[in-house]
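Only one structure is covered here, and it is reproduced in the block below.
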Amino acid sequence: GDDRAARDLAADLKQFLAPRPVCLYPARGVRYESHLAPPPHLVGLRIAALDALIEGSSAVGGAPEGAPVVVAGAVALAEKVPDPELRPHGFTIDKGGLLDLDDTTAQLVACGYERVEQVEERGQFALRGDILDVYPATEERAVRCELFDIEVERLTFFSTFTQRSLEEVERVELAPAAELAPEHRELAEIAAA
């Protein structure tokens, strides 16, 4: 019936159906006509669910875990869905991998992330020397990426309150924080007007 019930059902199904992927597809929270952008975490969850359906439909026969299950409330199902070709694509950062800061900054902006002085909420990133702080759209905590030249030397979750590192991770997935790629956002605003 609503996003709360969908979230609860998705959490229950994850427990029963593991390792089969279960995704929540929440409502945008704002109407397209309002000219307001939905919160980055909702965008990330929506895109992850849509991508799971696209990837799952092409790999159903060979996927050992089976096709993904997507749980959505009635409002989410009634909303328009942007064409997959118009969406930005997320990416991952791996510890020990190579990372060009200029390219990564451009990718983050294309994915709808906002550059700020200090990361405080989802959908933001900050750059200080060889340190990249990002609060991924679908993560519960922000991530600090410390570089040695162009190699990812250290990847850690950190507290946005204290700015202190918490625990190291091997990989972080950066889901898009916007439903449309930058070249399509302005056209969509004009069409909505």
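Quick caveat, the model's predicted, so the values are computed rather than measured.
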Does the pair L99 and I150 meet the rule for a side-chain contact (heavy atoms from CB on, under 4.5 Å), with working shown? CA-CA 5 Å; L99 185 130; I150 62 169; over 6 Å; no
Does E146 CD have over 12 foreign heavy atoms under 6.0 Å away? yes
Counting only heavy atoms not in E167, do more than 12 fall under 6.0 Å of its CD? yes
How close do [X] and [Y] get, heavy atom to heavy atom, and via which atoms?
X: P68; Y: A52; result: CG-O, 3.1 Å
X: K95; Y: E153; result: CE-O, 3.7 Å
X: A110; Y: P88; result: O-CB, 3.5 Å
X: P136; Y: L174; result: CG-CD2, 3.5 Å
X: L24; Y: A49; result: O-CB, 3.8 Å
X: P176; Y: G90; result: CG-N, 3.6 Å

Would you please test H41 and E121 for side-chain contact (heavy atoms from CB on, under 4.5 Å) and show each step? CA-CA 10 Å; H41 73 283; E121 53 190 49; over 6 Å; no
Is the backbone N or O of [Y] less than 3.5 Å from a side-chain atom of [X], with the two atoms forming a donor-acceptor pair by type?
X: Y113; Y: A137; result: yes
X: D100; Y: D103; result: yes
X: R154; Y: C145; result: no
X: E79; Y: R28; result: yes

Out of curiosity, D130 CG to D149 CG, how far, rounded to the nearest 0.5 Å? 7.5 Å
Any chance you could measure C23, atom SG, to L50, atom CG, to the nearest 0.5 Å? 9.5 Å
With no hydrogens and no angle check, do the side chains of R46 and Y25 hold a donor and an acceptor under 3.5 Å apart? yes
Do you reckon [X] sits in the same ILVMFWY cluster as [Y], going by side-chain contacts under 4.5 Å, direct or chained?
X: V134; Y: F91; result: yes
X: V152; Y: L132; result: yes
X: F158; Y: L108; result: no
X: V116; Y: L127; result: no
X: I93; Y: V169; result: yes

Quick one: side-chain hydrogen bond (donor to acceptor under 3.5 Å, both in side chains) pairs with a partner in residues 157-166, sequence neighbours left out? R144-Q163, T156-S165, S159-T162
Please lay out, stage by stage, how R122 and E140 fare under the test salt bridge (charged side-chain N to carboxylate O under 4.0 Å, His left out). CA-CA 9 Å; R122 287 184 179 108; E140 295 297 321; 3.5 Å; yes
For residues 2-11, pull every pair meeting salt bridge (Lys or Arg N to Asp or Glu O under 4.0 Å), keeping only residues two or more places apart or in separate chains. none
Pairing residues for E151 by the side chain to side chain contact (heavy atoms under 4.5 Å, CB included) criterion, not counting sequence neighbours: L98
[X] versus [Y]: any side-chain heavy-atom pair under 4.5 Å?
X: T92; Y: V172; answer: no
X: L155; Y: E170; answer: no
X: E120; Y: Y135; answer: no
X: F16; Y: V22; answer: no

Take F125 and V109 through the side-chain contact (heavy atoms from CB on, under 4.5 Å) test and state the conclusion after the steps. CA-CA 9 Å; F125 75 97; V109 169; 4.0 Å; yes
Test side-chain contact (heavy atoms from CB on, under 4.5 Å) applied to D133 and R128, step by step: CA-CA 8 Å; D133 290 345; R128 295 182 321 278; 2.8 Å; yes
